[in-house]
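All remarks here apply to the structure that follows.
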Amino acid sequence: MPTTQAIRWIYKPLAHLLCLIPLLRLVAGSLGLAGVSLGADPVARLLHELGESGLRFLVITLAITPLRLMLGQPWLGHFRRMLGLYGFFYVLFHFIVWLTLDQGLYWPSIVKDIGKRPFITIGFAALLLLIPLAVTSTNGMMRRLGRRWQKLHRLIYVIVPLGVWHFYWLVKKDVTEPLVYAGITAFLLGYRYWRAQKRKQSLRSPLPASGES
């Protein structure tokens, strides 16, 4: 198991760098650097890459606890908050690009699309649910909210399926990628449910009577 210092000074900076790679690639493509291009429709490329990066980080965040338990590596928990925040910021950038570059801040069209196009409605709902999780991600908020903090952050169990659903409805022909995300999400949520049920059963099981082996 890595030491606390190694996690802070080696693993976390490396994780930050890896999390920033999708954004750096998009910036390079926007500026035409390093031979990277956003293609014939740069706005659509930005929307897709930012949205999928956000979903990817949220799914990885959801996977941290199952991986920590299955692998017996508690130190993986140190990265859950970081990955969740990166997921939020990529989703937020995805929304901002749609709001500004795609819709041109034309509010009548924006409000109409959010209300009438189901995949946009679902994506917008996921973003709204992400906001309180991001705002309460600090240690101070964790202490203030106490047990309510954990209950609030269980919204991730709703947010990730909404993100997958948004992606599935957005894709018109090849739904392979959304289905892969759906399968991974179903497994992660199913594992958590199984663990919770197992914990409940162990609490309900009577302790052996005195003298029994």
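Model, not experiment: these values are computed from the prediction.
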Test log, rule side-chain contact (heavy atoms from CB on, under 4.5 Å), inputs L127 and F88: CA-CA 8 Å; L127 174 61; F88 167 73; 4.1 Å; yes

Work out which heavy atom in R45 is nearest to a heavy atom in R25; give both atom names and the distance. NH2-NH2, 4.5 Å

With a 3.5 Å cut-off and no angle check, do the side chains of R144 and N139 form a donor-acceptor pair? no

S202 side chain to R199 main-chain N or O, any donor-acceptor pair under 3.5 Å? yes

If two hydrophobic side chains count as joined below 4.5 Å and joins carry through other members, does F89 share a cluster with L128? yes

Could you grab the distance from atom NZ of K116 to atom OG of S109, nearest 0.5 Å is fine? 11.0 Å

Regarding W149 and H153, is there a side-chain donor-to-acceptor distance under 3.5 Å anywhere? yes

Considering all heavy atoms, the nearest Y90-L23 contact: OH-N, 3.1 Å

Taking the side chain as C-beta and beyond, is there a heavy-atom pair between I7 and T4 under 4.5 Å? no

Rounding to 0.5 Å, atoms CD (Q150) and CG (L152) come to a distance of 11.0 Å

Separation between CG (L162) and OG1 (T121), nearest 0.5 Å, reads 11.0 Å

Among all residues two or more places apart in sequence or in another chain, which pass the ring-ring contact (aromatic ring centres under 6.0 Å, His included) test with Y11? W75

Indicate if L46 and L105 have the same hydrophobic cluster label, given that clusters are the connected sets of ILVMFWY residues with side-chain heavy-atom separations under 4.5 angstrom. yes

Indicate yes or no: at least one non-hydrogen side-chain atom of L99 is less than 4.5 angstrom from one of W107. yes

Find out if a path of hydrophobic residues (ILVMFWY) with successive side-chain heavy-atom gaps under 4.5 Å connects L18 to L76. no

Within the 4.5 Å heavy-atom criterion, are P161 and L189 side-chain neighbours or not? yes

Among residues at least two apart in sequence or on other chains, which ones pass ring-ring contact (aromatic ring centres under 6.0 Å, His included) with F124? F95

Point-to-point distance, once rounded to the nearest 0.5 Å, from NE2 of H16 to CD1 of I21: 13.5 Å

Would you give the length of the straight line joining atom CG of L179 to atom CZ of F167, rounded to the nearest 0.5 angstrom? 10.0 Å

So which heavy atom on P74 is nearest to which on M1, and how close? CG-SD, 4.3 Å

Which residues share a salt bridge (Lys or Arg N to Asp or Glu O under 4.0 Å) with R148, sequence neighbours left out: none

For W194, enumerate each residue passing the ring-ring contact (aromatic ring centres under 6.0 Å, His included) test, keeping only those at least two apart in sequence or located in another chain. Y191

Side chain proximity check, Q103 to D113, heavy atoms < 4.5 angstrom: yes

Just checking F79: does its CZ atom have more than 12 heavy atoms from other residues, nucleotides or ligands closer to it than 6.0 angstrom? yes

Starting at CD1 of I122, measure out to CD1 of I114 and round the result to the nearest 0.5 Å. 13.0 Å

Taking R81 for its side chain and S137 for its backbone only, find out whether a donor-acceptor pair lies under 3.5 Å. yes

Could you pull out all residues at least two apart from F119 that satisfy ring-ring contact (aromatic ring centres under 6.0 Å, His included)? H166

Minimum heavy-atom separation for P178 and V164, please, with both atom names. O-CG1, 3.6 Å

Are I159 and Y193 joined in one hydrophobic group, where the rule is that I, L, V, M, F, W and Y side chains link up if heavy atoms are under 4.5 Å apart? no

Would you say the side chain of R80 lies within less than 4.5 Å of the side chain of T65, judging by non-hydrogen atoms? yes

Say whether L47 and Y106 are linked into one hydrophobic cluster, either directly or through other cluster members, by side-chain heavy-atom distances under 4.5 angstrom. no

Mind listing the closest non-hydrogen atom pair of S30 and L38 along with its distance? OG-CD1, 3.5 Å

Below 3.5 Å, can you tabulate the donor-acceptor pairs from side chains in residues 52-63 to any protein atom, sequence neighbours excluded?
unit_1, atom_1, unit_2, atom_2, d
E52, OE1, H48, NE2, 3.0
E52, OE2, Y181, OH, 3.1
S53, OG, E49, O, 2.8
T61, OG1, F57, O, 2.7
T61, OG1, G84, N, 3.1

Chi angles and distances behind the side-chain contact (heavy atoms from CB on, under 4.5 Å) call for W98, V43: CA-CA 8 Å; W98 174 77; V43 174; over 6 Å; no

State, yes or no, whether a side-chain contact exists between L129 and L133 at a heavy-atom distance under 4.5 Å. no

